[in-house]
Novice: 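Quick one: this structure, given as structure tokens, is what I'll be asking you about.
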Amino acid sequence: MRTISESTVMSWIRERELSFIERLTANILKAGPMPKHVAFIMDGNRRFAQKAHVKRQEGHSQGFEKLAETLRWCLNLGIHEVTVYAFSIENFKRSKEEVDGLMELAKQKFSRLLTEQESLEKHGVCIRVLGDLTLLPADLQQLIAKSVMATKAHNKCFLNVCFAYTSRYEIANAVKEMAWGVEQGLIKSSDVSEVLLSECLYSSNSPNPDLLIRTSGEVRLSDFLLWQTSYSCLVFQSVLWPEYSFWNLCEAVLQYQLSYRSLQKAQDLHREGQALQQMDADRTCVAELLQHRGNGKPMDAQSRQKELLNYTASREERVRCFLNALQHKRDTFFSDLSSQAVVA
């Protein structure tokens, strides 16, 4: 299998200014509502390789070059958070040669990232990797952890790389995290909610994507951000990922703008529904507590409201302590892995 030389591995952000017509288009688009967070399913690398009569590995390499270019376009458009589907858990079912090649390319990517600290700091890029790193080779785990820790303090823009990831796996893991919280006595089973599950996902530090783009003509999500994109604008484009252009991105943003009002309305209704659902759950818990306390005397409305406020405050404090403990557990995982890393 052909390995990728260091010289062919592109930078994480390509330094290139927009042309006059591109800048003009960007300024026109930015006069309307702009997505703050865009997710990409970067599909079509293998078909591009077949079309260009090159090895699959070269198609994946070209795909990374396109990611670097796309990140630059996003920054030019004022999009400061990007999430990409880099490697699905399902991809482990591909041929050993292709999986090994992808692991090698990932090592090259993250090794290169560690040499680009000045550029990443200049742009304030924070790299997060979402997925189950324990499924990856140990040396790649360590490189990823070191890269995450090296950019952790940056806060101008965010790149979330979904690696060894599927959405169903992520949701199942979030349920396990809540079960761990109950077992540890940090939260009660009655504290479990839709909102809390969202806070236990790998992506808990990010707002949900405003816009999700899939290239190559496929019109499915392939188990990517299923929970997070329930109220996102979904755009499917026929172009293969390595051939993606600034104009393709502008087209997707325009589709988002055309759908903006209906998306906002749906999101607002969903948030209102979540708040009402939580209020009903708190009232039910308070009613059960009062019933168990049962002194036989009916409680007036003002006293019941006071009990509800006290219960809500105690639940929020429990949840806050649990989420802090969960974040500490995850930070410790990355910190411990990073300390083991040796960069060649």
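Because only heavy atoms are used, hydrogens play no part in the values below, and waters and symmetry mates are left out as well, while side chains stay in.
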Novice: Please find the pair of heavy atoms, one from Pro207 and one from Glu81, that lie closest to each other, and give the distance.
Specialist: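 For Pro207 and Glu81, the tightest heavy-atom pair comes out as CD-OE1, 3.5 Å.
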Novice: Regarding Arg23 and the six-membered ring of Phe246, is the cationic atom NZ or CZ under 6.0 Å from the ring centre and inside 45° of its axis?
Specialist: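 Cation-pi check for Arg23 and Phe246: fails.
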Novice: With Ser19, which residues qualify under side chain to side chain donor-acceptor pair (under 3.5 Å), at least two apart?
Specialist: Glu22
Novice: Test side chain to side chain donor-acceptor pair (under 3.5 Å) on Asn91 and Ser88 and set out the steps.
Specialist: CA-CA 5 Å; Asn91 291 154; Ser88 166; 4.8 Å; no
Novice: What distance separates Leu249 CG from Leu254 CG, expressed to the nearest 0.5 Å?
Specialist: 11.5 Å
Novice: May I ask you to decide if Ile89's main-chain N or O and Thr166's side chain share a donor-acceptor pair within less than 3.5 Å?
Specialist: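 Checking the backbone N and O of Ile89 against the side chain of Thr166, no donor-acceptor pair under 3.5 Å is found.
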Novice: Are any of the side-chain nitrogens in Lys93 or Glu90 under 4.0 Å away from the carboxylate oxygens of its partner?
Specialist: yes
Novice: Search all heavy atoms of Phe92 against all heavy atoms of Leu135 and return the closest pair with its distance.
Specialist: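 It is CZ-O, 3.7 Å.
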Novice: Is there a path from Tyr202 to Val195 through hydrophobic residues (I, L, V, M, F, W, Y) whose side chains come within less than 4.5 Å of each other?
Specialist: no
Novice: I'd like to know if Asp268 pairs up with Arg271 as an ion pair, taking the criterion as any Lys NZ or Arg NE/NH1/NH2 lying under 4.0 Å from an Asp or Glu carboxylate oxygen.
Specialist: yes
Novice: Got Leu133 and Phe333 here, is their nearest side-chain heavy-atom distance under 4.5 Å?
Specialist: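 Result yes, sub-4.5 Å side-chain heavy-atom pair found.
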Novice: Determine whether a donor-acceptor pair (N or O, by modelled atom type, separation under 3.5 Å) exists between the side chain of Ser111 and the backbone of Lys107.
Specialist: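 Such a contact is found between Ser111 side chain and Lys107 backbone.
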Novice: Could you state the interatomic distance from NE2 (His123) to CD (Glu118), rounded to the nearest 0.5 Å?
Specialist: 10.5 Å
Novice: Please determine whether residues Val125 and Leu77 belong to a single hydrophobic cluster, defined as Ile, Leu, Val, Met, Phe, Trp and Tyr linked transitively by side-chain heavy-atom distances below 4.5 Å.
Specialist: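 They do share one cluster, since a chain of ILVMFWY contacts under 4.5 Å joins Val125 to Leu77.
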Novice: Which atoms form the tightest heavy-atom contact between Leu337 and Ala145, and what is the distance?
Specialist: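 Heavy-atom minimum between the residues: CB-CB, 3.4 Å.
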Novice: Please go through Trp227's hydrophobic cluster and name the other residues, only I, L, V, M, F, W, Y counting, with side-chain heavy atoms under 4.5 Å joining them.
Specialist: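 Trp227 shares its hydrophobic cluster with Ile171, Val175, Met178, Trp180, Val182, Leu186, Ile187, Val192, Leu196, Leu197, Leu201, Val319, Phe322, Leu323, Leu326.
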Novice: Can you tell me if Gln50 has over 12 outside heavy atoms packed within less than 6.0 Å of its CD?
Specialist: no
Novice: When you look at Ser167 and Leu225, which way does the side chain to side chain contact (heavy atoms under 4.5 Å, CB included) test go after all the steps?
Specialist: CA-CA 5 Å; Ser167 189; Leu225 302 181; 5.5 Å; no
Novice: Determine the minimum heavy-atom distance between Lys96 and Asp100, stating which atoms define it.
Specialist: NZ-OD2, 2.6 Å
Novice: Could you tell me whether a side-chain N or O of Thr151 sits under 3.5 Å from a main-chain N or O of Ile127, the two making a donor and an acceptor?
Specialist: yes
Novice: Does any N or O in the side chain of Tyr85 come within less than 3.5 Å of the main-chain N or O of Ser222, such that one atom is a donor and the other an acceptor?
Specialist: yes
Novice: Does a donor on one side chain sit under 3.5 Å from an acceptor on the other, for Gln62 and Glu58?
Specialist: yes
Novice: Okay, side chain of Asp132, backbone of Ala164: is any donor-acceptor separation there less than 3.5 Å?
Specialist: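 Checking the backbone N and O of Ala164 against the side chain of Asp132, no donor-acceptor pair under 3.5 Å is found.
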Novice: Is it possible for you to say whether Phe87 and Phe48 belong to one hydrophobic cluster, with membership spreading through side-chain heavy-atom contacts below 4.5 Å?
Specialist: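 In one cluster with Phe87: Phe48, no.
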Novice: Rounded to the nearest 0.5 Å, what's the gap from CD on Gln255 to CG on Leu234? Could you check?
Specialist: 10.5 Å
Novice: Would you name the heavy atoms of Lys156 and Lys122 that are closest together and state the gap between them?
Specialist: NZ-O, 3.8 Å
Novice: With a sphere of 6.0 Å drawn around NZ of Lys329, does it hold more than 12 non-hydrogen atoms of other residues, nucleotides or ligands?
Specialist: yes
Novice: Please enumerate all residues that pass side chain to side chain donor-acceptor pair (under 3.5 Å) together with Ser204, with sequence neighbours excluded.
Specialist: none
Novice: Tell me whether the count of non-hydrogen atoms from other residues, nucleotides or ligands lying under 6.0 Å of NE2 in His270 goes above 12.
Specialist: yes
Novice: For Pro33 versus Tyr256, what's the shortest heavy-atom pair and its separation?
Specialist: O-CE2, 3.7 Å
Novice: Does the Thr215 side chain pair with the main chain of Gln237, one donor and one acceptor, at a distance under 3.5 Å?
Specialist: no
Novice: Closer than 3.5 angstrom, by distance alone: can the side chain of Asn208 be matched with the main-chain N or O of Thr229 as a donor-acceptor pair?
Specialist: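 Pair absent, no side-chain N/O of Asn208 close to backbone of Thr229.
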Novice: In terms of the angle between their ring planes, are Phe224 and Tyr165 parallel, tilted or perpendicular, with boundaries placed at 30° and 60°?
Specialist: perpendicular
Novice: If you draw a 6.0 Å radius around CD in Glu121, do more than 12 non-hydrogen atoms from other residues or ligands fall strictly inside?
Specialist: no
Novice: Between Phe110 and Val99, is there shared hydrophobic-cluster membership here, with clusters defined by ILVMFWY side-chain heavy atoms closer than 4.5 Å?
Specialist: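 Yes; tracing contacts between hydrophobic side chains, which count when under 4.5 Å, links both residues.
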Novice: Answer yes when Arg304 and Glu307 have at least one side-chain N-carboxylate O distance shorter than 4.0 Å, and no when they do not.
Specialist: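 Between Glu307 and Arg304 there is no salt bridge, as every charged N stays at least 4.0 Å from the carboxylate O atoms.
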Novice: How many angstroms lie between atom OG of Ser338 and atom NZ of Lys152, to the nearest 0.5 angstrom?
Specialist: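 The NZ atom of Lys152 is 10.5 Å from OG of Ser338, to the nearest 0.5 Å.
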Novice: Working to the nearest 0.5 angstrom, can you tell me the gap between Gln257 CD and Leu263 CG?
Specialist: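 Interatomic distance, Gln257 CD to Leu263 CG, rounded to 0.5 Å: 11.5 Å.
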Novice: Is Arg168 atom CZ crowded by more than 12 heavy atoms from other residues, nucleotides or ligands, each under 6.0 Å away?
Specialist: no
Novice: Say whether Asp336 and Ser339, considering side chains only, have a donor N or O and an acceptor N or O under 3.5 Å apart.
Specialist: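 Distance-only check fails for Asp336 and Ser339.
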Novice: Check whether Asp280 reaches the backbone of Gln277 with its side chain - one donor and one acceptor, N or O, closer than 3.5 Å.
Specialist: no
Novice: Please answer: with hydrophobic residues joined when any side-chain heavy atoms are less than 4.5 Å apart, are Tyr231 and Val38 in the same cluster?
Specialist: no
Novice: With distance as the sole test, does Arg46 use its side chain to make a donor-acceptor pair with the main-chain N or O of Gly59 at under 3.5 Å?
Specialist: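 Between the backbone of Gly59 and the side chain of Arg46 there is no qualifying donor-acceptor contact (under 3.5 Å).
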Novice: In Å, rounded to the nearest 0.5 Å, how long is the span from CD of Glu104 to CD of Gln57?
Specialist: 8.0 Å
Novice: With no hydrogens and no angle check, is any side-chain donor or acceptor of His328 less than 3.5 Å from a backbone partner on Asn324?
Specialist: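 Absent.
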Novice: I'd like to know whether NZ of Lys30 has more than 12 heavy-atom contacts from other residues, nucleotides or ligands below 6.0 angstrom.
Specialist: yes
Novice: Give a yes or no on whether a salt bridge exists between Glu97 and Lys55, defined as a side-chain N under 4.0 angstrom from a carboxylate O.
Specialist: no
